[in-house]
There are 2 protein chains.
Amino acid sequence: MLDTKILLVEDDEVAALSLSEFLVSCGFEVKSVFCATDGISNMSNFEFDIVLLDLNLPDFSGFEVLKVLKNKHNVPVIVISAFSDLNSKLKAFKFGASDYMVKPFDLEELEARIWVNLSKNSQINLKEDSEAFKIIGSQIYFKNSMLDLTISEFKILKLLIKNKQRVTSREELGRVIYDKSGRAIDNHIKNIRKKIKKITNRECIKAIYGVGYLFKEDL
Amino acid sequence: MLDTKILLVEDDEVAALSLSEFLVSCGFEVKSVFCATDGISNMSNFEFDIVLLDLNLPDFSGFEVLKVLKNKHNVPVIVISAFSDLNSKLKAFKFGASDYMVKPFDLEELEARIWVNLSKNSQINLKEDSEAFKIIGSQIYFKNSMLDLTISEFKILKLLIKNKQRVTSREELGRVIYDKSGRAIDNHIKNIRKKIKKITNRECIKAIYGVGYLFKEDL
DNA sequence: TGTATAATTTACATTATATTTACAGAGGTT
DNA sequence: AACCTCTGTAAATATAATGTAAATTATACA
């Protein structure tokens, strides 16, 4: 199964650690950062499925992070804050928070809300997860055969597989590599296809004209 | 703007009235019912965008309502309950609640959460629109088979599905694409029909002479 | 009424244009 | 040398417009 990745932005390192441990025990993959800057920069490099965001951060306020996340990435954000006043809540929702929990809270309630917010974003699991394609470390295998991808190719294919129930736009793919022209993707797709074809004798990546690319196992 | 319709299921008539008044003042259209049975039967007759559900109801528990709503209608449900214990919350989420608020709460927070849950739902058009046809991202699926529509075709079919209870005029359809002659629709309809037929072996789009087109799943 | 005919609307094929994608090669970086 | 991005170009695809056939509705008239 593809892991659900959570970005935890929380400046209190003790709280962050215990939270993180709990989330890992739930089977999530967790990345912890302790300031707004790291929170934002991590979002651009990695793909997270959900963000847990404290409002009280040392460099910028959580609202600033919220603004960036919602504008650029549109990832669901659960605000976790000690502020229980109405204004903080309203402001958070206004800036695009998906949920708001007042500290202290029950960890199990957090887990429940994480699942709710995850499923809202990708409720439809049309197909079961890939059996044949497996992501192991920084490589992707097809039935025990390594595809032998480069780093950029890996990042692209990984994202395509993760989003396989929907079309992934060129821009989205471009974001995981350094692509100013917006056309570096062209060649990577070509090369990934070649490598997939060599191993599997399939296409697997379909171009959706004007939209992006779609990963389909049987193709 | 299209009216947002809220179904309020709350047995305390005094509380229901004040809540209802507040929601109306927010610009929502509110239907109040006071028991589980009425809550369920109202959902089958009318289309609501969101449900506010009290757990403590005279005939059945709110969980029963939740079960039915989520199975049959998949409408977002915000549980509003005096129960503040963890178990009630977990149970509600397990049964598919979208959110949970403990009474008493700030009305403005409720309004914010209503908006959040509305927008989450609109991102993904689920069963509301169609049983078999699902709109996912920029594609439309029929029972897990992608129709493989172009962007224009997608826009047109999406509108037809959205308006499936009524006839959509040619002009209206033309508005979602760039159509000066008023006849570009002709070809798109033809092509969409071909693609639908290929996958479903049905027609699904009926021409209403002199009026427009009507989407019907069984045709 | 019933039927033939005219008018309108819809279906379909074709064409020209515009946009997007595939691919190959150049040049830069590590 | 391996990898990556950029650029130019060819191939593929999408789309609106147009012409014409088929279908539907309206009208005329017995």
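A note on names: the letters A, B, ... follow the listed sequences, proteins ahead of strands, and every chain is numbered from 1.
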Short side-chain N/O contact to D:dT5 OP1/OP2 from A:H188, under 4.0 Å: yes

Counting only side-chain heavy atoms from C-beta out, which of [options] sits nearest to [X]?
X: B:S152; options: D:dA16, D:dA17, D:dT5; answer: D:dA16
X: B:R170; options: D:dC4, C:dT10, C:dA22; answer: C:dT10
X: B:S181; options: D:dA14, D:dC6, D:dT18; answer: D:dT18

Is it the case that D:dT20 (base atoms only) and B:R183 (side chain only) share a donor and an acceptor within less than 3.5 Å, ignoring hydrogens and angles? yes

Answer yes or no on whether A:K31 is positioned over the face of A:F48, meaning its NZ or CZ is under 6.0 Å from the six-membered ring centre and within 45° of the axis. no

Does [X] come within less than 4.0 Å of [Y], counting only side-chain N to carboxylate O?
X: A:K206; Y: B:D148; result: yes
X: A:E109; Y: A:R113; result: yes
X: A:E64; Y: A:K67; result: yes
X: A:D54; Y: A:K103; result: yes

Contact list for DNA chain C against residues 198-212 of chain B - heavy-atom distance below 4.0 Å: B:A207, B:I208, B:Y209, B:G210, B:V211

What class does the angle between the rings of A:F133 and A:F215 fall in, given that below 30° is parallel, 30 to 60° is tilted and above 60° is perpendicular? perpendicular

